[in-house]
Amino acid sequence: MDRFVIRGQKRSYNDGAAEDVLRASKKVKLDPGNDNEGIKEEEADEDADFAEFSHPVPWHKVEAEGLDCDYALLFPKEEADHLFKKLEEEVVYLTGDEAKVQVFGKVYNVPRKQATYGDEGLIYTYSGVKHLARRWTPTLEYILDAVSKTTGHTFNFVLVNRYKDGQDHMGEHRDDERELDPVSPIASVSLGAARDFIFRHRDTRGKYSSRNIEPVKLKLAHGSLLLMNTPTNTHWYHSLPARKKVLMPRINLTFRRILMDSKK
DNA sequence: GAAACATCATTGGG
DNA sequence: ACCCAATGATGTTT
């Protein structure tokens with residue numbers, strides 16, 4: 001299977017036909033089995049959308065007030081299958097105290113598995129606990145490379161979250177840690193079981209919310225890439241809700257740019 | 001009708 | 001001021 005060789009291989013969507021594929025697929029439904037409001041089917045400025053990326057894949061703009069995301073299928077199924085398997089072999093998840101979180105005085109296991117990888121010396125803070133990033137594995141480096149080429153952005157860190165089935169989930173939060181580069185997008189790669197992903201505007205939370213803005217609901221497919229651009233993460237919370245009918249695992253990689261010498 | 005889902009209030013130490 | 005997860009209540013959807 002040499003086409004999965006790490007680095008230096010031509011990607012299947014990068015061949016001569018890519019431009020035609022790109023033109024042909026103006027509108028891809030993210031959630032064909034579900035006719036809901038999930039994605040706004042905007043297709044006004046395809047050219048503008050694609051122009052900013054050096055590595056053309058068919059992007060789909062997801063927009064709302066203060067929300068700006070781009071969604072694309074980055075890896076074809078075969079390759080996504082392979083990458084998932086390799087990550088299952090390579091990724092070392094946090095255990096023990098590092099896999100626990102304290103909420104209202106009680107200690108819980110986080111309802112998923114987490115790992116942090118990145119450039120040497122990078123530290124990620126989750127819920128008050130600092131985690132030293134492990135060195136990149138070959139597969140993570142390969143995916144990092146694909147994401148960088150596709151988005152035109154560089155990243156020096158990835159948070160890996162593994163959801164063993166639909167019971168595993170992540171509560172509503174923002175990725176607005178102080179150590180993150182505020183102008184850099186966050187790139188979220190999904191492998192394995194497709195899961196619902198929900199954005200909620202911060203001003204719609206709670207009983208006496210000041211605004212009435214519809215949530216933005218996506219289904220993150222196997223092999224997909226969701227780019228969350230600024231200022232999405234300052235105005236919108238997101239969550240990965242439990243879905244009891246999902247029986248298979250999902251691995252999510254969120255690539256970030258962490259400021260190295262953050263003198264605050 | 002039952003199960004799943006959605007939303008809110010409640011719980012506090014760091 | 002905010003974050004993090006579970007639980008119970010209540011309402012809605014499938």
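In what follows, chains are A, B, ... by sequence order, proteins preceding strands, each numbered from 1. Side chains included, hydrogens not; waters and symmetry mates left out as well; all remaining heavy atoms used.
Look at NE2 on A/His169: it is 6 Å from C1' on C/dA5, rounded to the nearest Å. A straight line from CD of A/Gln167 to C1' of B/dA3 spans 13 Å, rounded to a whole angstrom. The separation between A/His131 atom NE2 and C/dC4 atom C1' is 12 Å, rounded to whole Å. Straight-line distance from the NZ atom of A/Lys106 to the C1' atom of C/dC3: 18 Å, rounded to whole Å. Between the CG atom of A/Leu94 and the P atom of C/dC4 there is a distance of 15 Å, given to the nearest Å.
The shortest distance between the side-chain N/O atoms of A/His173 and the OP1/OP2 oxygens of C/dC2 is not below 4.0 Å.
For residues 228-244 of chain A, the set of pairs meeting the salt bridge (charged side-chain N to carboxylate O under 4.0 Å, His left out) definition, not counting sequence neighbours, comprises A/Asp196-A/Arg243. Sorted by first and then second residue, the salt bridge (charged side-chain N to carboxylate O under 4.0 Å, His left out) pairs with a member in residues 82-97 of chain A read A/Lys86-A/Glu89, A/Glu88-A/Arg162; sequence neighbours excluded.
Residue contacts shown for A/Arg174 are limited to sugar-phosphate atoms, with no base heavy atom under 4.0 Å away.
Contact annotation: the side chain of A/Leu67 approaches that of A/Cys69 to within less than 4.5 Å [non-hydrogen atoms, C-beta and beyond]. Contact annotation: the side chain of A/Asn233 approaches that of A/His238 to within less than 4.5 Å [non-hydrogen atoms, C-beta and beyond].
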note = 5' to 3', nucleotides 5-14 of chain B under a 4.0 Å protein heavy-atom cut-off (B base, S sugar-phosphate only, - none) gives SS-SS-BBS-
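Residues A/Asp68 and A/Lys61 are paired through a salt bridge, judged by an N-O separation under 4.0 Å between the basic side chain and the carboxylate.
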